[in-house]
**Q** 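Sharing a structure, written as structure tokens. Questions coming.
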There are 2 protein chains.
Amino acid sequence: MKSEARSVGLPTTDWAAHAEQELKRAGHRSSAPRSAVVEVLGRQGCVLSAREIADELRADGRDVGIATVYRALELLDELHLVQRLDVGEGTVRYEPAHPSGEHHHHLVCDSCGRVSSFEDRDLERAIAHLAGRLDYQVGGHDVVLRGACPACSSA
Amino acid sequence: MKSEARSVGLPTTDWAAHAEQELKRAGHRSSAPRSAVVEVLGRQGCVLSAREIADELRADGRDVGIATVYRALELLDELHLVQRLDVGEGTVRYEPAHPSGEHHHHLVCDSCGRVSSFEDRDLERAIAHLAGRLDYQVGGHDVVLRGACPACSSA
DNA sequence: CTATAAGTGAGAATCACTATCGCTCGCGGG
DNA sequence: CCCGCGAGCGATAGTGATTCTCACTTATAG
């Protein structure tokens with residue numbers, strides 16, 4: 001099978017190291033708070049909100065101001081090192097973006113709100129083909145499927 | 001050509017009348033403020049935020065409380081008479097949803113923020129096919145392409 | 001080692017949206 | 001046609017996420 005729902009969480013290999021490197025290359029200093037944010041993102045691998053990141057850091061005993069978390073995420077987003085995901089519940093989530101360009105999309109459960117991911121070559125192909133036909137400079141895309149996750153639909 | 005970017009704005013035929021009818025059928029009273037919201041949505045046909053709707057109404061001299069606009073939109077959303085679109089700028093936009101099930105997706109310009117729409121049969125087919133293969137009860141989907149609109153990319 | 005500007009963080013400000021609550025009015029029964 | 005009641009309204013307070021401000025800290029070039 002080419003595509004299937006799975007719980008969020010990619011291999012992550014060394015996204016964190018890559019991100020640090022890109023930050024440096026873009027002329028940014030390294031700092032403990034920002035590195036901590038990068039590390040948490042890399043460790044979790046899945047969609048996280050700014051608050052979740054801050055909470056995670058606090059649990060680790062590394063208090064980082066929420067403003068700093070937002071700033072780090074904004075910066076990472078500018079450098080295309082993270083992917084923003086807004087599923088419409090008022091909070092934006094972020095996840096590491098792999099430089100390979102390989103990416104996935106999301107399934108959002110309407111009842112429990114849980115997010116999972118999938119990837120599908122055919123879908124990517126359809127989008128790429130479509131983008132070529134549009135009179136538009138397409139740079140990226142997001143696909144969100146909504147429905148009931150296995151747990152909720154069986155309950 | 002099967003698909004092409006165009007400015008937002010569908011024929012609209014008589015979405016407003018249809019919506020009113022559905023509201024009545026669902027056991028809701030008719031009221032001037034809510035009808036006004038429906039009318040604005042139907043008239044514009046394109047993605048509108050709650051605030052934009054309220055402003056439009058105020059310009060028409062029909063002041064409608066912002067809370068009422070939100071309530072009307074929530075109701076319309078529950079009845080699947082509108083489609084929510086969250087392009088990630090902190091405000092949710094709505095547009096009429098046509099009962100035919102026919103729908104379109106959106107292009108968001110990263111520089112000017114303008115939203116336009118497109119439809120593509122192949123994309124729909126890819127998503128439908130994909131949904132069938134996933135272990136997930138897929139009920140709907142959103143696709144957002146990001147990039148530079150013709151105006152911005154030529155500038 | 002030192003200057004300096006990037007980066008930090010506490011808290012205020014903003015903004016979209018939701019909850020509250022007394023008042024209004026559409027509408028079915030009389 | 002009139003009445004009563006509960007759906008609906010709207011001003012306003014509240015909430016929660018995100019951004020702004022500003023004085024303080026610290027990484028790094030020289």
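Residue numbers begin at 1 in each chain, while the letters A, B, ... track the order of the sequences. These figures come from a predicted structure and were not determined experimentally.
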**Q** Find the bend of the helix from C/dC1-D/dG30 to C/dG30-D/dC1 as the angle between its two terminal axes (five pairs each), to the nearest 10°.
**A** 30°
**Q** Starting at CZ of A/Arg93 and ending at C1' of D/dT18, how long is that distance when rounded to a whole Å?
**A** 16 Å
**Q** Between B/Leu75 (CG) and C/dC17 (C1'), how many Å, whole number?
**A** 17 Å
**Q** Does A/Arg43 use its side chain to pair, donor to acceptor, with the backbone of A/Ala16 at less than 3.5 Å?
**A** no
**Q** Round to the nearest Å and state the distance from A/Leu48 atom CG to D/dA17 atom P.
**A** 14 Å
**Q** In terms of the nearest nucleotide of DNA chain C, which residue is placed more toward the 5' end: A/Ser35 or B/Ser49?
**A** A/Ser35
**Q** For the pair A/Glu74 and A/Arg84, find out whether any cationic side-chain nitrogen is under 4.0 Å from an anionic carboxylate oxygen.
**A** no
**Q** At under 4.0 Å, does any side-chain N or O of B/Thr68 touch on OP1 or OP2 of D/dG10?
**A** yes
**Q** Quick one: A/Leu73 CG to D/dT19 C1', roughly how many Å, whole number?
**A** 13 Å
**Q** Any side-chain N or O of A/Ser30 less than 4.0 Å from the OP1 or OP2 oxygen of D/dA27?
**A** no
**Q** Just the rounded figure in Å: distance from P of D/dC9 to CG of B/Leu57.
**A** 12 Å
**Q** Measure from the side-chain N and O atoms of A/Trp15 to the backbone N and O of A/Leu81, and report whether any donor-acceptor pair falls under 3.5 Å.
**A** yes
**Q** State, with a plain yes or no, whether a side-chain heavy atom of B/His141 is found less than 4.5 Å away from one of B/His103.
**A** yes
**Q** Starting at NE2 of A/His28 and ending at P of C/dT8, how long is that distance when rounded to a whole Å?
**A** 11 Å
**Q** What's the NZ-P distance between B/Lys24 and C/dG26, to the nearest Å?
**A** 12 Å
**Q** Toward the 5' end of DNA chain D, which comes first, B/Arg29 or B/Pro33, by nearest nucleotide?
**A** B/Arg29
**Q** Is B/Tyr136 reaching over with its side chain to a backbone N or O of A/Cys109, donor-acceptor style, under 3.5 angstrom?
**A** yes
**Q** Specify the separation, in whole Å, of atom CD of B/Glu74 and atom P of D/dG8.
**A** 12 Å
**Q** For the pair B/Glu52 (side chain) and B/Ser49 (backbone), establish whether a donor and an acceptor sit closer than 3.5 Å, ignoring hydrogens and angles.
**A** yes
**Q** Taking only Lys NZ, Arg NE, NH1 and NH2, and the carboxylate oxygens of Asp or Glu, determine whether B/Arg125 and A/Asp122 approach each other closer than 4.0 Å.
**A** no
**Q** According to a strict under-4.0 Å criterion, is A/Ser31 in side-chain N/O contact with OP1 or OP2 of C/dT8?
**A** yes
**Q** Using a 4.0 Å heavy-atom cut-off to protein, can you give one letter per nucleotide of nucleotides 10-16 of chain C, 5' to 3': B if the base is in contact, S if only the sugar-phosphate is, - if neither?
**A** B-----S
**Q** Output yes when a side-chain donor or acceptor of B/Tyr94 lies under 3.5 Å from a complementary backbone atom of B/Leu76, and no otherwise.
**A** no
**Q** Determine, for A/Arg121 against A/Glu124, whether the closest basic-nitrogen to carboxylate-oxygen distance falls under 4.0 angstrom.
**A** no
**Q** Let me know, please, whether B/Ala72 or A/Arg84 comes out on the 5' side of the other along DNA chain D by nearest nucleotide.
**A** B/Ala72
